[in-house]
2 protein chains.
Amino acid sequence: MIQIDLRSREPIYEQLIKNIKELIFSGVLKTDEKLPSVREIARQLTINPNTIQKAFKALETEGYIYSARGRGHFVMSMKENKSAEQSLVILNQIKELIKEANYIGISKEDILTIMGSVYTDSVTERGELSDTD
Amino acid sequence: MIQIDLRSREPIYEQLIKNIKELIFSGVLKTDEKLPSVREIARQLTINPNTIQKAFKALETEGYIYSARGRGHFVMSMKENKSAEQSLVILNQIKELIKEANYIGISKEDILTIMGSVYTDSVTERGELSDTD
DNA sequence: TAACTGTGTTATATTATATAATACAGTTAA
DNA sequence: TTAACTGTATTATATAATATAACACAGTTA
């Protein structure tokens with residue numbers, strides 16, 4: 001479920017953050033679904049529980065998961081609870097990358113293709129109407 | 001020209017990399033234009049020359065600038081010297097951010113607006129005849 | 001030549017990252 | 001209630017990353 005590259009220069013806890021975000025964005029982990037426990041992930045990946053805890057805490061601060069003492073960590077509902085400030089941060093990061101893409105010669109069409117693959121015109125969204133799971 | 005936040009958790013040399021990239025992408029620094037010297041930037045920002053050198057070396061490795069011993073660092077021409085691999089890296093980073101944007105409820109239109117502001121069409125829109133940058 | 005430029009080295013200090021070993025508190029199911 | 005799970009917190013230790021300091025050497029330019 002989660003894969004870490006121990007030889008990477010990128011800190012493990014940051015890899016965990018990216019990894020779990022990806023699972024949430026892709027719908028593998030749905031709202032209120034329980035994440036594996038700190039100790040469970042630590043066992044599976046053979047890394048220290050404190051490192052998992054650090055990643056979970058960051059994800060909680062960012063509003064992507066919430067924790068319940070004694071029960072575990074769960075995926076936060078993403079209805080309308082994201083701050084405008086966070087949206088601006090994301091949009092600015094996208095802008096910087098698009099500037100770079102433009103500079104190195106990546107076509108506008110290539111980016112539009114990616115847009116299309118993410119913002120699907122499909123009616124079903126994030127499992128709300130989905131009965132396939 | 002270059003601004004650094006010494007209290008930021010982001011390493012100084014990474015801030016420098018972003019900052020100089022921004023100057024290149026925005027056209028403030030043009031092809032073959034000379035950058036301020038390592039010691040000059042170090043004086044202005046009151047940070048260590050080695051830190052500037054580290055940022056310059058990274059920018060050189062990425063292909064954004066080149067160096068000439070005894071003369072200085074200069075902006076690399078971006079005609080057709082970017083590797084396909086680097087394009088894939090950038091496109092993947094954009095995709096990840098767009099996924100996150102989609103998840104937190106940012107509209108497709110918001111991103112298209114940004115696209116438009118970066119990939120300016122030759123045809124002027126809304127009667128605007130000049131960009132503000 | 002003098003004053004720039006890049007580049008490299010060594011040393012030191014601080015911070016970031018990761019592990020290890022515990023301890024305590026709340027939840028859940030047998 | 002108890003056992004086994006959860007999150008959370010602390011302290012200690014080790015390593016890597018980051019940044020500074022003080023140089024030295026080489027190439028360029030006016």
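Quick note: numbers below take in every heavy atom, side chains included, and nothing from hydrogens, waters or symmetry partners. Lettering follows sequence order; numbering is per chain, from 1.
- Rounded to 10°, the helix from C:dT1-D:dA30 to C:dA30-D:dT1 has 30° between the axis fitted to its first five pairs and the one fitted to its last five.
- Side chain of B:Glu60 to backbone of B:Lys57: no donor-acceptor contact under 3.5 angstrom is found.
- Taking hydrophobic clusters as Ile, Leu, Val, Met, Phe, Trp and Tyr residues chained together by side-chain heavy-atom distances below 4.5 Å, A:Tyr64 does not share a cluster with A:Val89.
- Here the straight-line distance linking atom CG of B:Leu35 with atom OG of B:Ser67 works out to 11.0 Å at 0.5 Å rounding.
- Comparing A:Glu40 and A:Arg9 by the nucleotide of DNA chain D whose heavy atom lies nearest to each, the residue mapping closer to the 5' end is A:Glu40.
- A heavy-atom distance below 4.5 Å is found between the side chains of B:Ile90 and A:Ile104.
- Put simply, CD1 on A:Ile12 and CG on A:Leu45 are 9.0 Å apart, with the number rounded to the nearest 0.5 Å.
- Under 4.0 angstrom from either OP1 or OP2 of D:dG7 there lies at least one side-chain N or O belonging to A:His73.
- A search for ring-ring contact (aromatic ring centres under 6.0 Å, His included) contacts involving B:Tyr13 returns nothing, not counting sequence neighbours.
- Within the structure, side-chain hydrogen bond (donor to acceptor under 3.5 Å, both in side chains) contacts touching residues 35-50 of chain B (residues at least two apart or in different chains) are B:Glu40-B:Arg43, B:Glu40-B:Gln44.
- Within a heavy-atom distance below 4.0 Å of DNA chain C, the residues of residues 45-61 of chain B found are B:Asn50, B:Gln53, B:Lys57.
- For DNA chain C, the contact window with chain A, defined by any atom under 4.0 Å from a protein heavy atom, covers C:dT17 to C:dT28 in 5' to 3' order.
- Relative orientation of the B:Phe25 and A:Tyr103 rings is tilted, given thresholds of 30° and 60° on the angle between their planes.
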Can you list, pair by pair, the side-chain donor-acceptor contacts under 3.5 Å of residues 17-24 of chain B, counting residues two or more places apart and other chains?
{"residue": "B:Lys18", "atom": "NZ", "partner": "B:Glu10", "partner atom": "OE2", "Å": "3.2"}
{"residue": "B:Asn19", "atom": "ND2", "partner": "B:Gln3", "partner atom": "O", "Å": "2.7"}
{"residue": "B:Lys21", "atom": "NZ", "partner": "A:Glu100", "partner atom": "OE2", "Å": "3.1"}
{"residue": "B:Lys21", "atom": "NZ", "partner": "B:Glu62", "partner atom": "OE1", "Å": "3.0"}
{"residue": "B:Glu22", "atom": "OE2", "partner": "A:Lys99", "partner atom": "NZ", "Å": "2.7"}

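- Look at B:Tyr13 and you won't find any side-chain N or O under 4.0 angstrom from OP1 or OP2 of D:dA19.
- Base contact: B:Arg69 has a heavy atom under 4.0 Å from a base atom.
- For B:Ser8 (side chain) and B:Asp5 (main-chain N/O), no donor-acceptor pair under 3.5 Å exists by modelled atom type.
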